[in-house]
Chemist: 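Dumping the structure here so I can ask a few things about it.
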Amino acid sequence: MRFSQLLLPTLKETPAEAEVVSHKLMLRAGFIRKLASGIYCYLPLGLKSIRKVEQIVQEEMNNAGAQELLLPMVQPADLWQESGRWKKYGPELLRFTDRHQRESCLGPTHEEVITDLVRKNIHSYRSLPLNLYQIQTKFRDEIRPRFGLMRGREFIMKDGYSFDASQKGAEATYDKMNHAYHRIFKRCGLRFRAVEADSGTIGGSFSHEFMVLADTGEDTVVICKQCSYAANMEKARAMETTAPQDVKELPLAKVETPGKRKVQAVCEFLDISPKNLVKTLIYVADGKPVAVLLRGDHAVQEVKLQNLLGANEVRLADDKETFDFTGTPTGYLGPVGLPLKIVADREVTKMTNFTVGANEKNHHLINVNIGRDFTPAQTADLRMVNEEDRCPLCGGQLELTRGIEVGHIFKLGTTYSEALKATFLDERGKETPFVMGCYGIGVSRAVAAAIEQNHDEDGIIFPLPIAPFQVMLLNLSTKDAEITAAAETLYEELKNLGIEVLLDDRDERPGIKFKDADLIGIPFRVMVGNSLTKEGKIEIKERAGGLTTAVSFGETAERLKQMIESAMTNCQI
RNA sequence: CGGGGCGUAGCGCAGUCUGGUUAGCGCGCCUGCCUUGGGAGCAGGAGGUCGGAGGUUCGAAUCCUCUCGCCCCGACCA
């Protein structure tokens with residue numbers, strides 16, 4: 001492709017609308033343009049990168065035994081009513097009425113449609129397992145779209161759905177998808193982790209999120225430095241500490257702690273460690289109060305609490321509610337004699353002779369012990385993991401880092417097949433619901449995530465497998481016949497070698513071409529300029545790392561081919 | 001939906017508080033000269049219903065009312 005003919009409107013300055021780096025760079029590099037909030041035009045370069053991701057996804061999905069199809073974007077309301085999600089989904093589902101007053105919606109996801117398709121066409125266990133996917137533009141009317149392609153309303157997604165005859169089969173499919181996803185993101189050249197995630201409302205005991213690691217990521221992920229353990233904060237566990245043995249229980253005592261409400265203040269005043277204090281937090285779970293006990297240096301993980309209580313909503317009570325529920329101002333609450341349901345983080349059960357609030361203003365209790373002084377109704381892992389914790393699998397050091405969710409795989413079970421009465425006949429002729437799984441990849445988001453992960457102050461640094469072009473060839477002097485002839489020859493040679501090359505043939509000064517090349521971030525930059533006329537050399541500069549190699553004109557194309565092949569092998573499985 | 005901010009040329013902005021020539025500046029764009037290894041220089045030029053509607057006024061980018069759109073924080077979320 002020739003730059004002079006390409007729709008590639010690079011910008012020297014960042015449009016005010018962009019906040020995050022991928023959004024800024026995609027606008028400046030001429031990849032995208034906004035049409036409306038959360039809705040973008042993909043320009044040729046942006047689309048090329050998206051297509052690269054799509055192709056990798058297709059290859060790996062096909063290899064894993066999945067089949068590609070394409071489902072409608074407009075979906076009838078009655079299917080959604082049948083699954084019950086017409087009511088449940090909320091305003092994120094964009095609904096509208098057609099000219100015949102039929103209610104419809106724009107598909108944010110396709111469980112209903114695919115299940116309907118399968119129930120109408122698959123009737124026997126002999127046809128299973130079946131794994132279907134599509135790559136399509138999705139629409140979700142997000143409350144607040146932001147960050148460019150990272151959280152748009154319209155976005156490109158690969159969504160896949162599997163149908164198995166049994167739980168066991170579904171698990172095998174899940175494992176296959178897990179494996180395929182690892183291959184996909186590896187082949188995209190991304191640094192990522194598959195993390196254990198809470199499966200949320202969709203069901204199933206767990207799911208895996210595929211997180212592209214980037215400091216600017218929206219989500220926090222916990223990874224083990226020694227082994228493969230990784231989880232998001234909602235799910236992350238830590239190795240249980242062991243309770244000290246043979247500690248003699250000391251007599252309970254009340255002490256005065258005037259004005260000391262915060263953990264730190266109480267600990268300083270009493271000269272104890274927060275690790276020896278238990279804090280009591282009042283939560284409201286579906287309208288009912290519950291007291292949550294945690295070690296002084298720990299924090300609540302509300303999703304864990306929600307799961308334990310089986311609640312739809314949990315939130316911290318405010319000071320007034322807390323006082324109404326307990327009759328004690330916040331800061332002096334404790335479990336001893338508290339007339340509320342008490343749940344304790346399991347680390348609390350490892351403690352002895354600890355300090356708590358006395359349920360009386362300006363007083364705390366010391367030498368409190370579980371069993372003797374109070375008994376929690378339930379005990380579970382309820383807290384946020386932190387960097388002091390050890391890996392639950394290997395005891396290694398845990399690290400908290402940031403990530404961008406680009407893929408998520410779920411076990412759906414029979415939720416949808418039952419709701420939509422999608423069944424098949426098993427070996428014994430018994431009508432059985434399909435056991436389903438669903439597997440998403442945010443394709444457009446993956447490109448944005450790649451940029452969040454790989455950039456510098458000059459622009460994008462694309463991983464080779466998803467770069468819009470592999471080589472950017474700069475003709476540094478279009479007025480010089482020798483240089484231009486050499487650039488044109490090289491351009492043809494590279495194309496003939498099957499290398500994807502963008503020739504900057506614009507009548508611009510070298511500085512402009514260098515700046516644009518850095519901005520766009522194509523991995524290999526080839527410069528045809530003075531060094532050719534003076535020394536007969538062509539320079540190859542790698543965008544990542546900036547290493548520049550001078551080679552003779554004749555060997556340039558072949559050399560590039562080698563460099564590309566070698567770089568690609570780093571992204572192979 | 002709550003809180004905050006913005007809307008003036010393709011992009012970035014000034015001008016608005018305190019109404020008053022022909023609405024400016026930088027970048028980009030067009031023409032010519034010149035220059036050609038990190039966003040050059042000179043000269044000339046095109047481009048604006050100041051987001052929209054209504055109002056106040058002799059006079060509105062500027063004041064008032066309504067409205068549309070965009071961005072950020074929060075609630076929410078594969």
Side-chain angles (χ1 to χ4, degrees), chain A residues 9-20 23-24 27-28 30 33-39 88-93 107-111 136 138-148 150-153 155-161 197-202 207-211 218-219 232 234 302-303 313 315 404-410 412 438-446 449 457-459 474-480 483-484 504 506-519 525-535 537-539 541 546 548 550:
Chain A
T10 57
L11 261 26
K12 202 182 264 188
E13 285 173 289
T14 307
E17 69 189 56
E19 188 72 13
V20 300
H23 190 192
K24 287 179 182 170
L27 285 169
R28 283 191 56 209
R33 287 292 182 267
K34 186 176 68 187
L35 182 63
S37 180
I39 301 180
K88 258 194 234 161
Y89 213 94
E92 210 177 293
L93 182 65
T109 177
H110 282 68
E111 282 85 4
Q136 190 198 39
K138 293 279 187 280
F139 192 93
R140 292 182 190 173
D141 202 358
E142 292 275 347
I143 296 173
R144 184 150 87 87
R146 54 184 133 177
F147 305 148
M150 204 77 90
R151 185 180 291 284
R153 291 195 291 165
F155 58 99
I156 298 174
M157 178 172 176
K158 188 284 299 184
D159 50 325
Y161 307 89
D198 188 78
S199 52
T201 49
I202 294 189
S207 65
H208 283 94
E209 286 173 349
F210 289 77
M211 311 288 296
E218 279 189 275
D219 301 315
N232 70 14
E234 283 95 62
E302 293 184 2
V303 173
E313 190 216 351
R315 62 178 177 83
I404 300 162
E405 183 188 353
V406 292
H408 202 157
I409 58 178
F410 293 91
L412 288 179
C438 88
Y439 318 96
I441 291 179
V443 173
S444 42
R445 180 187 277 188
E457 59 282 359
D458 292 317
L474 305 189
N475 176 345
L476 292 177
S477 180
T478 50
K479 294 224 166 58
D480 183 309
I483 288 171
T484 298
D504 192 345
R506 293 175 302 169
D507 180 19
E508 294 287 359
R509 302 161 57 81
I512 289 179
K513 299 192 176 189
F514 293 143
K515 286 292 184 187
D516 273 342
D518 284 344
L519 177 61
R525 183 211 298 183
V526 178
M527 290 164 284
V528 186
N530 285 343
S531 52
L532 177 71
T533 43
K534 286 180 187 150
E535 303 146 45
K537 295 285 189 188
I538 303 288
E539 287 152 301
K541 184 172 183 183
T548 306

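Chain letters run A, B, ... following the sequence lines, proteins first and then strands; every chain starts at 1.
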Chemist: Taking it one step at a time, do A/Arg525 and A/Asp518 satisfy side-chain contact (heavy atoms from CB on, under 4.5 Å)?
Modeler: CA-CA 9 Å; A/Arg525 183 211 298 183; A/Asp518 284 344; 2.4 Å; yes
Chemist: Answer with base, sugar-phosphate or nothing: what part of the nucleic acid does A/Asp516 contact at a heavy-atom distance below 4.0 Å?
Modeler: base
Chemist: Let me know the distance between CD of A/Glu405 and P of B/C77, rounded to the nearest Å.
Modeler: 13 Å
Chemist: Can you tell me the distance, in whole Å, between the CD atom of A/Glu302 and the P atom of B/A75?
Modeler: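 Distance, rounded to whole Å: 10 Å.
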Chemist: Return the nucleotide paired to B/G39: Watson-Crick means purine N1 to pyrimidine N3 with N6-O4 or O6-N4, wobble means G-U with N1-O2 and O6-N3, both under 3.5 Å.
Modeler: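 Its partner: none found.
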Chemist: Considering only atom P, compute the distance from B/G4 to B/U8 and round it to an integer number of Å.
Modeler: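 So the two P atoms sit 22 Å from each other.
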Chemist: Is the backbone of A/Glu405 close enough, under 3.5 Å, to the side chain of A/Arg445 for a donor and an acceptor to pair up by distance?
Modeler: yes
Chemist: Tell me whether A/Arg28 contacts the main-chain N or O of A/Glu13 through its side chain, where contact means a donor paired with an acceptor under 3.5 Å.
Modeler: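 Here the side-chain-to-backbone pair does not exist.
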Chemist: Under a 3.5 Å cut-off for both distances, is B/U62 Watson-Crick or wobble paired, and to whom?
Modeler: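 Here B/U62 is not engaged in any pair, so there is no nucleotide opposite it.
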Chemist: Is there a donor N/O on one and an acceptor N/O on the other, under 3.5 Å, for the side chain of A/Arg525 and the base of B/G37?
Modeler: no
Chemist: Please name the nucleotide paired to B/G7 by Watson-Crick or G-U wobble geometry with both distances under 3.5 Å, or report none.
Modeler: B/C68
Chemist: Write down the distance between CZ (A/Arg146) and P (B/A78), rounded to a whole number of angstrom.
Modeler: 14 Å
Chemist: Taking any heavy-atom pair under 4.0 Å as a contact, classify A/Asp480: base, sugar-phosphate, or nothing.
Modeler: nothing
Chemist: Got a second to check how far A/Tyr161's OH is from A/Tyr439's OH, nearest 0.5 Å?
Modeler: 11.5 Å
Chemist: Rounded to the nearest angstrom, tell me the gap between atom CG in A/Asp141 and atom P in B/C76.
Modeler: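 A/Asp141 atom CG is separated from B/C76 atom P by 18 Å.
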Chemist: Which atoms of nucleotides 28-35 of chain B (N or O only) lie under 3.5 Å from a protein N or O atom, and what are those distances?
Modeler:
unit_1: B/U35; atom_1: O2; unit_2: A/Arg509; atom_2: NH1; d: 2.7

Chemist: Answer with base, sugar-phosphate or nothing: what part of the nucleic acid does A/Lys534 contact at a heavy-atom distance below 4.0 Å?
Modeler: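 Answer is nothing: A/Lys534 stays at 4.0 Å or more from every strand.
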Chemist: What's the gap between B/C33 and B/C70 when it is taken at their P atoms, as a whole Å value?
Modeler: 46 Å
Chemist: With the side chain counted from C-beta on, respond yes when A/Asp219 and A/Asn232 share a heavy-atom pair under 4.5 Å apart, and no when they do not.
Modeler: no
Chemist: A/Gly440 near the nucleic acid: base, sugar-phosphate alone, or nothing, with a heavy-atom cut-off under 4.0 Å?
Modeler: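 Here A/Gly440 touches no strand at all.
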Chemist: Whom does B/C25 pair with, Watson-Crick or G-U wobble, provided both distances fall under 3.5 Å?
Modeler: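 Matched B/C25 with B/G12 under the 3.5 Å cut-off.
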Chemist: Rounding to an integer number of Å, can you tell me how far A/Arg315 CZ sits from B/C76 P?
Modeler: 12 Å
Chemist: Does some side-chain heavy atom of A/Thr533 sit less than 4.5 Å from a side-chain heavy atom of A/Ile483?
Modeler: yes
Chemist: For the side chain of A/Lys515 and the base of B/G37, is some donor closer than 3.5 Å to an acceptor across the two?
Modeler: no
Chemist: Any donor-acceptor pair under 3.5 Å between the side chain of A/Ser531 and the base of B/G37?
Modeler: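 By the distance-only test, yes, there is a pair.
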Chemist: Base, sugar-phosphate or nothing for A/Gly90? Non-hydrogen atoms, less than 4.0 Å.
Modeler: nothing
Chemist: Kindly say whether, by distance alone, the side chain of A/Arg151 makes a donor-acceptor pair under 3.5 Å with the base of B/C77?
Modeler: yes
Chemist: Could you tell me how far apart A/Leu519 (CG) and B/G38 (P) are, to the nearest whole angstrom?
Modeler: 18 Å
Chemist: Measure from CG on A/Leu27 to P on B/C11 and round the result to the nearest Å.
Modeler: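 The distance from CG of A/Leu27 to P of B/C11 comes to 11 Å, rounded to the nearest Å.
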Chemist: Could you tell me the separation between the CD atom of A/Glu457 and the P atom of B/G39, rounded to a whole number of Å?
Modeler: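 After rounding, the gap between these two atoms is 15 Å.
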Chemist: What is the nucleic acid contact for A/Ala18, judged by heavy atoms within less than 4.0 Å: base, sugar-phosphate only, or nothing?
Modeler: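 Nothing: the residue A/Ala18, judged by heavy atoms under 4.0 Å, touches no strand.
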Chemist: In Watson-Crick or G-U wobble terms, both distances under 3.5 Å, what is the partner of B/G2?
Modeler: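 Partner of B/G2: B/C73.
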Chemist: Please classify the nucleic acid contact of A/Arg28 as base, sugar-phosphate, or nothing, using heavy-atom distances under 4.0 Å.
Modeler: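 If one applies the 4.0 Å heavy-atom cut-off, A/Arg28 turns out to touch a base.
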